[in-house]
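Here is the structure we will look at.
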Amino acid sequence: MKNILFLKGKFQEKIWGGDRLRTSYGLDIPSNKTGEYWAVSDMGNMDSTILNGEYKGEQLGEVYRKDRELFGNPKSRPFPLLVKIIDASDDLSIQVHPGDEMAARLENARGKTECWYILNEDKASIIYGLKVDSKEKAIELIDDRRWDDLLKEVPTNKGDFFLVKAGTVHAIKKGSLILEIQQASDITYRLYDYDRIDKDGNLRELHIEKSKEAIKILENKEEIKEEVGKNLKTRLLTNNEYFEVIEKSIISECTFTKNNPYSIFAVVDGEGSIRICDDSYELKESDFFILTNEVKSYSVKGNLTLVEAISKE
């Protein structure tokens, strides 16, 4: 059986991490400072493991490379997207990601455009862009460490969505629980970190000059397109050059046609089941799976919300 691949990811402990991956989702986290769950990944030792079917126990990256037809024979190598859950019990650093050209030139890596789907029930906030409209003014404020004059803070609620294009100054703040979908890159330039010290008593490394180069004054707003039917509400959250992201909220039962080679899904709320041909699979919150190129249609039954990501590479 190769039409659906359920995935188990790996965890990263962070100075700002917490324990909600256990308390909210029942995941077996390594400590109460667990900041990230790399649920869908083909990145080094953070590769996801397949939980079912013919490839049970194998790594996603290995299967992606050896059975290319499952993914529509894509040109991209390795797997082009990275999907995480981020639990912030403290503020993350103020940071910026490079675009493709800068990342290739300086890091031999992809750039990093990402997006955030807000999961936290309680209100929180993020740093999302700048209060100034020129890069020259931004650099002046950075040099003067006038962070309050520079950084734009935005409140967040469950179900909110933010596209964070490469070059956007941003930060996830305390209390946030976020589904993050991004280009498969781990390149981050840290601009400011509240003069925080690490476990060894040292100030955490900053990347001021690279950050200044990477910064772009961007308009990140996406026009979210919503459609409401009898048993289904869909929201097209973004359709950018790297990926498309769709929220599907299902009541009762809906049947879907799949027109792309493969789709990544996260179950972000509720529970139910998915039927493909004559096979049915139970779904619960925090499940992650891929529908492969073998799937042309599928039905979802229950009361649940799925977030679907489709790679453009």
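Judged by distance alone, the side chain of Lys137 and the main-chain N or O of Val132 form no donor-acceptor pair under 3.5 Å. For Asp143 (side chain) and Glu140 (main-chain N/O), no donor-acceptor pair under 3.5 Å exists by modelled atom type. Tyr194 places a side-chain N or O within 3.5 Å of a backbone atom of Leu92 that can act as its donor or acceptor partner. With Asn240 contributing its side chain and Phe243 its backbone, the two residues share a donor-acceptor pair below 3.5 Å. With Asn52 contributing its side chain and Phe6 its backbone, the two residues share a donor-acceptor pair below 3.5 Å. Not one N or O on the side chain of Asp144 forms a donor-acceptor pair closer than 3.5 Å with the backbone of Leu141. Side-chain N or O atoms of Ser89 include one that pairs as donor or acceptor with a backbone N or O of Gly17 at under 3.5 Å. Looking only at distances, a side-chain donor or acceptor of Thr168 sits under 3.5 Å from a matching main-chain atom of Lys165. Asn260 contributes a side-chain N or O that, together with a main-chain N or O of Tyr262, makes up a donor-acceptor pair within less than 3.5 Å.
If you chain together hydrophobic residues whose side chains sit under 4.5 Å apart, Phe79 and Leu179 fall into the same group. In terms of hydrophobic clustering, with Ile, Leu, Val, Met, Phe, Trp and Tyr side chains grouped at heavy-atom distances under 4.5 Å, Leu81 and Val267 are assigned to different clusters. One hydrophobic cluster holds both Val307 and Val40 under the rule that ILVMFWY side chains link at heavy-atom gaps under 4.5 Å. Tyr25 and Val268 fall within the same hydrophobic cluster, where Ile, Leu, Val, Met, Phe, Trp and Tyr residues are linked whenever their side-chain heavy atoms come under 4.5 Å apart, directly or through other members. Residues Leu82 and Val245 fall into different hydrophobic clusters, defined by Ile, Leu, Val, Met, Phe, Trp and Tyr side chains chained together at heavy-atom separations under 4.5 Å.
Two residues are said to be in side-chain contact when any heavy atoms from C-beta on lie closer than 4.5 Å; Leu191 and Leu206 fail this criterion. With contacts defined as side-chain heavy-atom distances shorter than 4.5 Å, the pair Arg235/Lys248 does not qualify. You'll find the side chain of Leu51 stays beyond 4.5 Å of the side chain of Leu7, heavy atoms only. You'll find the side chain of Cys115 stays beyond 4.5 Å of the side chain of Gln182, heavy atoms only. Here the side chains of Asp100 and Gln183 are in contact, with some heavy-atom distance below 4.5 Å. The shortest side-chain heavy-atom distance between Tyr189 and His97 does not fall under the 4.5 Å cut-off. Asp42 is listed as a side-chain neighbour of Arg65, based on a closest heavy-atom distance under 4.5 Å. By the 4.5 Å heavy-atom criterion applied to side chains, Glu308 and Glu244 are not counted as neighbours.
Relative orientation of the Phe288 and Tyr37 rings is perpendicular, given thresholds of 30° and 60° on the angle between their planes.
A distance of 8.0 Å separates OG1 of Thr292 from CD1 of Ile276, quoted to the nearest 0.5 Å.
Between Glu294 and Lys258 there is no salt bridge, since no side-chain N of the basic residue sits under 4.0 Å from a carboxylate O of the acidic one. Between Glu136 and Lys212, none of the side-chain N atoms (NZ, or NE/NH1/NH2) sits under 4.0 Å from a carboxylate O, so this pair counts as no salt bridge. Ion pairing of Lys84 with Glu36 is present here, as a side-chain N (NZ or NE/NH1/NH2) and a carboxylate O approach within less than 4.0 Å.
Here the two rings, on Tyr117 and Phe161, have centers that are 6.0 Å apart or farther. Taking the ring centroids of Phe162 and Tyr128, they lie under the 6.0 Å cut-off. Note: Tyr281 and Tyr298 fail the aromatic proximity criterion, with ring centroids not under 6.0 Å apart.
With hydrogens and angles left out, the side-chain atoms of Lys312 and Asn239 include a donor and acceptor closer than 3.5 Å. Counted by atom type alone, Gln95 and Ser93 present one or more donor-acceptor pairs between their side chains at under 3.5 Å. Looking only at atom types and distance, the side chain of Gln12 has a donor-acceptor partner in the side chain of Lys14 under 3.5 Å away. Using modelled atom types, one finds no donor on one side chain facing an acceptor on the other under 3.5 Å when comparing Arg20 with Asn120. For the residue pair Asp47 / Tyr64, no side-chain donor-acceptor distance below 3.5 Å is found, with atom types taken as modelled.
Between Thr49 and the choices Gln59, Lys56, Lys8, the side chain to side chain donor-acceptor pair (under 3.5 Å) rule is met once, by Gln59. Shown are Thr305, Val228, Ile251, Ile250; of these, the side-chain contact (heavy atoms from CB on, under 4.5 Å) with Lys233 is made only by Val228. Residue Asp90 is tested with Lys173, Arg196, Lys33 for a salt bridge (Lys or Arg N to Asp or Glu O under 4.0 Å); the sole match is Arg196.
A pairwise comparison of heavy atoms in Pro98 and Ile187 identifies CG-CG2, 3.6 Å as the closest pair. Scanning both residues, Leu130 and Ala138, for their nearest heavy atoms gives CD1-CB, 3.9 Å. When all heavy atoms of Ala171 and Ile94 are compared, the pair lying nearest together is CB-CD1, 3.6 Å.
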For Thr188 and Lys112, run side chain to side chain contact (heavy atoms under 4.5 Å, CB included): C-alpha distance rounded to whole Å, both residues' side-chain angles, the deciding distance at 0.1 Å, then the answer. CA-CA 8 Å; Thr188 294; Lys112 189 175 174 184; 3.4 Å; yes
Between Ser252 and Asn231, is the side chain to side chain contact (heavy atoms under 4.5 Å, CB included) condition met? List the steps. CA-CA 6 Å; Ser252 186; Asn231 296 324; 4.0 Å; yes
Below 3.5 Å, can you tabulate the donor-acceptor pairs from side chains in residues 147-155 to any protein atom, sequence neighbours excluded?
from: Asp149; atom 1: OD2; to: Arg146; atom 2: NE; distance (Å): 3.1
from: Asp149; atom 1: OD2; to: Arg146; atom 2: NH2; distance (Å): 3.3
from: Glu153; atom 1: OE2; to: Ser125; atom 2: OG; distance (Å): 2.7

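A cation-pi contact, defined as under 6.0 Å to the ring centre and within 45° of the axis, is absent between Lys2 and Tyr55.
In terms of the side-chain contact (heavy atoms from CB on, under 4.5 Å) criterion, residue partners of Asn73 (sequence neighbours excluded) are, by chain and number, Arg68, Glu69.
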